[in-house]
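All chains are named by letter (A, B, ...) in the order of the sequence lines, taking the proteins before the strands, and each is independently numbered beginning at 1.
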There are 2 protein chains.
Amino acid sequence: MTIKELARELEMSTTTVSRVLTGQEKKYRISEKTAQRVREMANQLDFAPNQIARNLRLQKTNTIGLIIPDISNPFFANLARTVEEELRRRGKMVLLCDSKDDTQIEEESVQLLLSRKVDGLLVAPVGEKWEHLQKKVAVPVVLLDRYFEHKDLPYVTTDSFFGAYKATSFLIEKGHRHIACIQGLTGTTPNEHRVKGYESAMQNHGLSQNITIAGSDYSMINGYESTKELLARPETPTALFALNNQIAMGCMKALKEYDFSIPDEISLIAFDEQPYFELLSPSLTAIKQPMEGIGKVAVEMLFELMDEKKVAPQMLKPMLIERDSVAPIPQKS
Amino acid sequence: MTIKELARELEMSTTTVSRVLTGQEKKYRISEKTAQRVREMANQLDFAPNQIARNLRLQKTNTIGLIIPDISNPFFANLARTVEEELRRRGKMVLLCDSKDDTQIEEESVQLLLSRKVDGLLVAPVGEKWEHLQKKVAVPVVLLDRYFEHKDLPYVTTDSFFGAYKATSFLIEKGHRHIACIQGLTGTTPNEHRVKGYESAMQNHGLSQNITIAGSDYSMINGYESTKELLARPETPTALFALNNQIAMGCMKALKEYDFSIPDEISLIAFDEQPYFELLSPSLTAIKQPMEGIGKVAVEMLFELMDEKKVAPQMLKPMLIERDSVAPIPQKS
DNA sequence: CTAAATTGCACAATCGTTTGTGCAAAACTA
DNA sequence: TAGTTTTGCACAAACGATTGTGCAATTTAG
């Protein structure tokens, strides 16, 4: 069913039909009687305009490309959910790409999305390269979670430094001195900021000597192996700070396997919160990221960019959720 | 950069350029020299054809619509990941819709996707209505997870009956007699089949009297409240069978709150497996669904339908993963 | 009653591709 | 050399919508 067929049925021109259906009847002085007829027939025949043709003509697709490193990571799944919901509210649909944390797939995805003429791009980049997100990208781009400093690519993310500083301070206040940090993908901004937050907190409390950083990516396996490695060291830490939810899972697995009791023998705190954290034994103390906020703000920002407005990057504050995986250590006198 | 500009640059017709770029040079006898020039220039100017125009002309978008009830549920997130990966391999992109388990949103999404002329639809339906998936849908549709019996809508799903039967039998073999089942959304096929599997196992072991079914949807809150309600009954069950991962989480939360020890006082088994199940204390015995298989088979099926082939629905077998949340009960003599 | 203004709609171009067909020029045949 | 075949490419019409503009018919103004 095309607009032409609909017009033939009504015995009028496609022009008139189109104008009525796009609500421009007044602007073009279509009589109310005619308009009525058009709407009725359209309704009755259940006509829906071919969006492809529309997109071509209007040079606008009402489609946003969403590139995410791993949709099976609940952090990103939640982000995707919020983004999809917000975009739907505003009449856009989302073309989803999962880059599998592979920069090459990410670059290809950008190309694919651009050739499909998306109106904008929402990208949680792998974080290794940025050129493909800035050069020759004719549409607005907003970065999620990971970003690039000094690159003038707008982003929305958690204040990682703040969160890590808070988590580390919390452990220190509880009497911990030997706190190890198990990091995620090095070179990515959130990771670097979390590490810096951790280091700053340690330094500011005179614990520079005790700074211990292990790990190399955001996977459960990394958490698992780094923990085992840390436990094997002569001076085992009394607390672990896992820089994302998957790493934290790996930590728990290793600790469980080695029969370390949390929090009696070792405390654990995670950056990033998941619903099941409260069900673990012990329930897991965590830094909760404002995921919904990130999604909403990113979409808003994208719309402002599409309206040719200027935007400023945003860092949203995370929150500490106290549970049972952290125990105080008696102060040595 | 359009093909017209590219053609002007090369001082030839768009026809020729198009034919080279679509690899039809031989078919239309374009000289190798010309072809070479075209490819070089296209490369150099970094030309990518406007897919919208292409879609319109070819009456094909290479886009598949994926409708999912809740992308933040790890079960569906994993499904989405597999589907995206498989489709990408085959040159398609995915337009993602999250129906939030709301039939109305699902219906709207179908309309939106159809007007965008997707080549096919992959739908994990809410399960309440099916008309919008069959009537007037001009493209192939494959259902995921939930489906409709006797409706001739092809689907790929877990063999829920089999899985539930297995889980229940497992509990019975361990000596449990009072097993309660906490169900998900009633009226949806997986739920009904799981319930039936549970009931059959009970009946076949002479435990018809003990059949106890609680709950009403696939949420954590449902698991939580149903469990509390079950614990309040005069004869509390010795084992719980949660019909999905979120319900299981709710069960654990309630049991924890009420200080019920798993598995000493009560055993728990879940339909659907999640990575963190092994980290819970105790680790959670579960029926693992072949999620990757579902995604892959669904995509294959969709392609067969697009090739106008016939397909048969598929039920994939789940697997029991034994962990520590189920304990044997000493047989009463 | 005539001229001007308004009303109501249709023509045709356009968005950027792909493709059936046509037509010279080149190559071949006899 | 003249006729036929082959080679190499371009014209122009789609695909299905939107929209600037034009032009009758009707209404209003004077």
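OP1 or OP2 of dC9(D) sits under 4.0 Å from a side-chain N or O of T34(B). Listed pair Q24(B) / dT18(C) fails the phosphate criterion, with no side-chain N or O lying under 4.0 Å from OP1 or OP2. One finds a side-chain N or O of Q59(B) lying less than 4.0 angstrom from the OP1 or OP2 phosphate oxygen of dG16(D). For S13(B) and dA10(D), the shortest distance from a side-chain N or O to OP1 or OP2 is below 4.0 Å.
If you check every strand for non-hydrogen atoms under 4.0 Å, R29(A) touches a base. If you check every strand for non-hydrogen atoms under 4.0 Å, S18(A) touches a base. Residue-level contact check: S31(A) touches the backbone only, with heavy atoms under 4.0 Å from sugar-phosphate atoms and none from bases.
Atom NZ in K33(B) sits about 13 Å away from atom C1' in dA26(C), given to the nearest Å. One atom, CD1 of I3(B), and another, P of dG16(C), lie 12 Å apart when rounded to the nearest Å. Spacing between atom CG of L21(B) and atom C1' of dC9(D) amounts to 15 Å, rounded to whole angstrom units. What separates CD of E11(A) from P of dC9(C) is a distance of 13 Å, to the nearest Å. When rounded to the nearest whole Å, the span between CG of L58(A) and P of dT18(D) equals 6 Å. If you measure from atom CZ of R57(A) to atom C1' of dA17(D), you get 8 Å, rounded to the nearest angstrom. Distance N55(B) CG to dA17(D) P: 15 Å, rounded to the nearest Å. If you take CD of E32(A) and P of dC9(C), they are 11 Å apart, rounded to a whole angstrom.
Taking 4.0 Å as the cut-off between side-chain N and carboxylate O, R88(A) and E84(A) count as a salt-bridged pair. Under a 4.0 Å N-O distance rule, the pair R39(A)/E32(A) qualifies as a salt bridge. Between D119(A) and K60(A) there is no salt bridge, since no side-chain N of the basic residue sits under 4.0 Å from a carboxylate O of the acidic one. Salt bridge annotation for E5(A)-R8(A): absent, with no cationic side-chain nitrogen under 4.0 angstrom from a carboxylate oxygen.
Residue-environment remark: CD (E292(B)) stays at or below the threshold of 12 foreign heavy atoms within 6.0 Å. In this structure, D307(A) places its CG atom where more than 12 heavy-atom neighbours from other residues, nucleotides or ligands lie under 6.0 Å away.
At a cut-off of 3.5 angstrom, counting only N and O atoms as typed in the model, there is a donor on one side and an acceptor on the other between the side-chain of T15(B) and the base of dC11(D).
Taking for each of Q51(A) and R19(A) the nucleotide of DNA chain D with the nearest heavy atom, the 5'-most of the two is the partner of Q51(A). Each of T16(B) and I52(B) was matched to the nucleotide of DNA chain C holding its nearest heavy atom; the match closer to the 5' end belongs to I52(B). Each of A53(B) and Y28(B) was matched to the nucleotide of DNA chain D holding its nearest heavy atom; the match closer to the 5' end belongs to Y28(B).
Among dT19(D), dC9(C), dG16(D), the nucleotide with an atom closest to any side-chain atom of I30(A) is dC9(C). With dA10(D), dT18(C), dC15(D) as the choices, the nucleotide that has an atom nearest any side-chain atom of M12(B) turns out to be dA10(D).
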